[in-house]
Colleague: 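Please read through the structure below; I'll follow up with questions.
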Amino acid sequence: MRVKRSFLNLTFGIVSQILLIALGIIIPRLFLVNFGSEVNGLMASIAQILIYLSLLEAGVGAASLQALYKPVAKDDKQSINSILAATSSYYKKTGIYYFWTVLLIAIIYPFIIDSNLSKATVFVVILLAGMSGAINYYFQGKYRILLTAEGKTYVNTSIITIINILNSIVKIVLLSLHFNIIAVQASYFIITIIQIVIFKIYIKKNYKWIDLNEKPNFEAIAQKNSALIHQVSFLIFSSTDVIILTIFTDLKVVSVYVMYNLLFNMIDNIIFTVNGSITFALGQTYHESKSKFIKLYDVYEVYFMAFIFSLFTIAYILILPFMRLYTYGINDINYIDFWLPILFILLKLLTNARTSGINAITIAGHFKETQNRSILEATINIILSLIFVQFFGIYGVLMGTIGALLYRSTDTIIYANKKILYRSPWITIKRWLVNVGIFLMMLFVADYFNINPTSYITIVVWSVILIVILLPVYFIICSLFEKEIYLDLKEFLKGYLDKIKGRKKLKS
């Protein structure tokens, strides 16, 4: 069942990301053409500020997910209901704070930034964007956590993909017809309501046993405050750069940062999808058999890390040719920069390749034990970014984030291996070194062949070619260095195939 759900999560997730990447490339281009770099930067700045409101959910969401793994693995519906009741209670209380915070931001922000848009327009755009998040938070947050814990991420993915496609199509139509920014944002708000209705219908039909009147188990999510600290740290290094650039540079520079970050975030989303397709299995296995968990964890870490490095190798090779095409005709600022891909790649590798360690900490529930480390990471990030931005501008905020990640990624590797897996951190460090070696080797080879596509079609063709070549190269070389893990992978796959054959025989 777990392997089947992992497969469904992965399949639905990848298809979803392919569709959303295609649409996600079109819309920012339309924003740039219709409104220019300044408005594009402003919209990104507003979006990043509103992301901070997700902190209201972050702590309880992570704590609830970790608490649900055990009862879900044992199919203990009473315990599940008591945890959901506690989660729902928290959401209802903080939902009011969410609303008032959105309103306050909408009132204050127009007076802080320097923009050609009227203050009334900025106010309405923030209000519509913020209310969409508030409604999502209040009505469906708890149900999405349950689906994730059960391994039904594919349900979340399917609904959100349908809604995002609908939203993207409406945006493309409105932007093509030159509607103003308020109309574009209002369409998003209306479509959010549709998403909530779909989630409500699905839960009502498939989870009739859910009872939020069960006595809330607040103790199960007692670590929500410690979990929140981890989420704050994550948001700081993923969102603070745009805020700092908005304050210390100008919105055109923000637009450059956002365009690079947008493209790399598309890869992040693919990685997140793949990671989410198996995390629930790791979480449930942890509470059943520690030895089996470590075997599964090692297989996951080796091949997931290889997958991450292969994707970012392709991204580095193709990012500048794509950016030249994508920003052609946009002359209010230069988008082509040799150093930005290097800094972004380093940042993204440090962020994503430590995911296995972060998952181990989350699954084991070590939120409180590691919260001071997260606080230190956030502090390093803010201090370095504020200093470096004065001297290096857009490079400075990236350097500040990289500095914080160098500390936290190393710390995560050491902590996860020593405190949770009870082994030497050199096991994971060697895996990093192998992938870094392959990465540098592949860049050298790519430079020799001088890959420089000059059209969207040739970029797509080269993307496919590089995926077909690089993914097996990374997997094969990593397997050669990790023969025991390779044998464990074969064992897992053989067990899955045997189960499929057994079901077919029973049916026949």
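Reckoned from all heavy atoms, side chains included, excluding hydrogens, waters and symmetry mates.
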Colleague: Could you pull out all residues at least two apart from Y260 that satisfy ring-ring contact (aromatic ring centres under 6.0 Å, His included)?
Modeller: none
Colleague: Could you point out which residue of I394, V397, V258 forms a side chain to side chain contact (heavy atoms under 4.5 Å, CB included) with V253?
Modeller: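 When I394, V397, V258 are each tested with V253, the side chain to side chain contact (heavy atoms under 4.5 Å, CB included) holds only for I394.
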Colleague: Might you point out which heavy atoms bring I380 and Y407 nearest each other, and give the distance in Å?
Modeller: CD1-CD2, 4.0 Å
Colleague: Which heavy atom of A315 sits nearest to which heavy atom of F264, and what is that distance?
Modeller: CB-CE2, 3.9 Å
Colleague: Could you state the interatomic distance from CD1 (I317) to CG (L470), rounded to the nearest 0.5 Å?
Modeller: 6.0 Å
Colleague: Between Y297 (side chain) and S356 (backbone), is there a donor-acceptor pair under 3.5 Å?
Modeller: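 The answer is yes, because a donor-acceptor pair under 3.5 Å joins these two groups.
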Colleague: Just jot down the side-chain contact (heavy atoms from CB on, under 4.5 Å) partners of P71, sequence neighbours excluded, or say none.
Modeller: D76, S79, I80, I83
Colleague: Could you give the distance from CZ (R144) to CG (L147), rounded to the nearest 0.5 Å?
Modeller: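 Spacing of CZ (R144) from CG (L147) equals 9.5 Å.
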Colleague: Hey, mind stepping through D411 and R354 against salt bridge (Lys or Arg N to Asp or Glu O under 4.0 Å) and telling me if it holds?
Modeller: CA-CA 10 Å; D411 179 73; R354 67 175 182 171; over 6 Å; no
Colleague: Going by heavy atoms in the side chains, are Y415 and H366 under 4.5 Å from each other?
Modeller: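 When only atoms from C-beta onward are counted, H366 and Y415 do touch, with a gap below 4.5 Å.
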Colleague: To the nearest 0.5 angstrom, please state how far the OG1 atom of T285 sits from the CD1 atom of I363.
Modeller: 8.5 Å
Colleague: Among all residues two or more places apart in sequence or in another chain, which pass the side chain to side chain donor-acceptor pair (under 3.5 Å) test with R324?
Modeller: none
Colleague: About how many Å separate OG1 of T313 and CG of L471, when rounded to the nearest 0.5 Å?
Modeller: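 Taking CG in L471 and OG1 in T313, the distance rounds to 10.0 Å.
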Colleague: Between N275 and T355, do the side chains contain a donor N or O and an acceptor N or O under 3.5 Å apart?
Modeller: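 Their side chains do not contain a donor-acceptor pair, so the 3.5 Å distance test is not met.
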Colleague: In Å and rounded to the nearest 0.5 Å, what is the CD1 to CD1 distance from I165 to I191?
Modeller: 11.5 Å
Colleague: Using the test side-chain contact (heavy atoms from CB on, under 4.5 Å), find all partners of I342 that sit at least two apart in sequence or belong to another chain.
Modeller: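 Applying side-chain contact (heavy atoms from CB on, under 4.5 Å) to I342 gives Y316, F338, W339.
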Colleague: Over all heavy atoms of both residues, which pair between F388 and G400 is shortest? Give the atoms and the distance, please.
Modeller: CD1-N, 3.8 Å
Colleague: Applying side-chain contact (heavy atoms from CB on, under 4.5 Å), name anything that partners Y448, two or more places apart in sequence or on another chain.
Modeller: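 In terms of side-chain contact (heavy atoms from CB on, under 4.5 Å), with neighbours along the sequence ignored, Y448 is linked to no residue.
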Colleague: Hey, are K295 and E301 close enough for a salt bridge, meaning a charged N less than 4.0 Å from a carboxylate O?
Modeller: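 No, this pair does not count.
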Colleague: Applying side chain to side chain donor-acceptor pair (under 3.5 Å), can you list everything that pairs with D337, at least two apart in sequence or on another chain?
Modeller: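 By the side chain to side chain donor-acceptor pair (under 3.5 Å) rule, D337 matches Y395.
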Colleague: Test of understanding: with salt bridge (Lys or Arg N to Asp or Glu O under 4.0 Å), list the residues that count as partners of D447, not counting sequence neighbours.
Modeller: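 Scan of D447 (salt bridge (Lys or Arg N to Asp or Glu O under 4.0 Å), adjacent residues dropped) gives none.
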Colleague: Residues two or more places apart in sequence or in another chain: which of them pass ring-ring contact (aromatic ring centres under 6.0 Å, His included) with Y286?
Modeller: F293
Colleague: Do V256 and L340 come within less than 4.5 Å of each other through their side chains, counting heavy atoms only?
Modeller: yes
Colleague: Tell me yes or no: between the side chains of T249 and Y257, is some donor less than 3.5 Å from an acceptor?
Modeller: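 The answer is no; no qualifying pair exists.
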Colleague: Would S455 and T458 count as a side-chain hydrogen bond (donor to acceptor under 3.5 Å, both in side chains) if you check the C-alpha gap in whole Å, the side-chain angles of each, and the deciding distance to 0.1 Å?
Modeller: CA-CA 5 Å; S455 68; T458 51; 3.0 Å; yes
Colleague: By side-chain contact (heavy atoms from CB on, under 4.5 Å), which residues pair with D268, not counting sequence neighbours?
Modeller: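 Expected list: N265, F312, K348, N352.
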Colleague: Applying ring-ring contact (aromatic ring centres under 6.0 Å, His included), name anything that partners Y202, two or more places apart in sequence or on another chain.
Modeller: none
Colleague: Answer whether the closest heavy-atom distance between the side chains of D298 and D488 falls below 4.5 Å.
Modeller: no
Colleague: Are the side chains of K171 and N167 in touch, meaning some heavy atoms are under 4.5 Å apart?
Modeller: yes
Colleague: Is the closest side-chain heavy-atom distance between V389 and M399 below 4.5 Å?
Modeller: no
Colleague: Check whether any side-chain heavy atom of R408 lies under 4.5 Å from a side-chain heavy atom of S374, and answer yes or no.
Modeller: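 Yes, side chains in contact.
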Colleague: Drop me the distance from I271's CD1 to I308's CD1, to the nearest 0.5 angstrom.
Modeller: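 That separation rounds to 5.0 Å.
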Colleague: Look only at the side chain of S409 and the backbone of L406, and say whether a donor-acceptor pair between them is shorter than 3.5 Å.
Modeller: no
Colleague: Taking distance alone, no hydrogens or angles, what donor-acceptor pairs closer than 3.5 Å link side-chain atoms of residues 478-485 to residues at least two apart or in another chain?
Modeller:
from : atom 1 : to   : atom 2 : distance (Å)
S479 : OG     : Y303 : OH     : 2.8
S479 : OG     : F475 : O      : 2.7
E482 : OE2    : R431 : NE     : 2.8

Colleague: Side chains of D241 and T401 only: does a donor on one sit below 3.5 Å from an acceptor on the other?
Modeller: yes
Colleague: My understanding is that only one of Y326, F344, F322 makes a side chain to side chain contact (heavy atoms under 4.5 Å, CB included) with L263; could you say which?
Modeller: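 Checked Y326, F344, F322 against L263; only one passes side chain to side chain contact (heavy atoms under 4.5 Å, CB included): F322.
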Colleague: Are any of the side-chain heavy atoms of K419 and E369 separated by less than 4.5 Å?
Modeller: no
Colleague: Give the minimum heavy-atom separation between G403 and L384, together with the two atoms involved.
Modeller: CA-CD1, 4.1 Å
Colleague: Can you confirm whether N417 sits close enough to S424 that some side-chain heavy atom of one is under 4.5 Å from a side-chain heavy atom of the other?
Modeller: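 The answer is no, as the side chains (C-beta and beyond) never meet within the 4.5 Å cut-off.
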Colleague: Between T327 (side chain) and Y335 (backbone), is there a donor-acceptor pair under 3.5 Å?
Modeller: no
Colleague: Suppose we screen for ring-ring contact (aromatic ring centres under 6.0 Å, His included). Which residues come up paired with Y300, at least two apart in sequence or across chains?
Modeller: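 For Y300 the ring-ring contact (aromatic ring centres under 6.0 Å, His included) partners, ignoring immediate neighbours, are F304.
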Colleague: Do any N or O atoms from the side chain of T370 and from the backbone of R373 form a donor-acceptor pair under 3.5 angstrom?
Modeller: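 Not confirmed, T370 side chain does not pair with R373 backbone.
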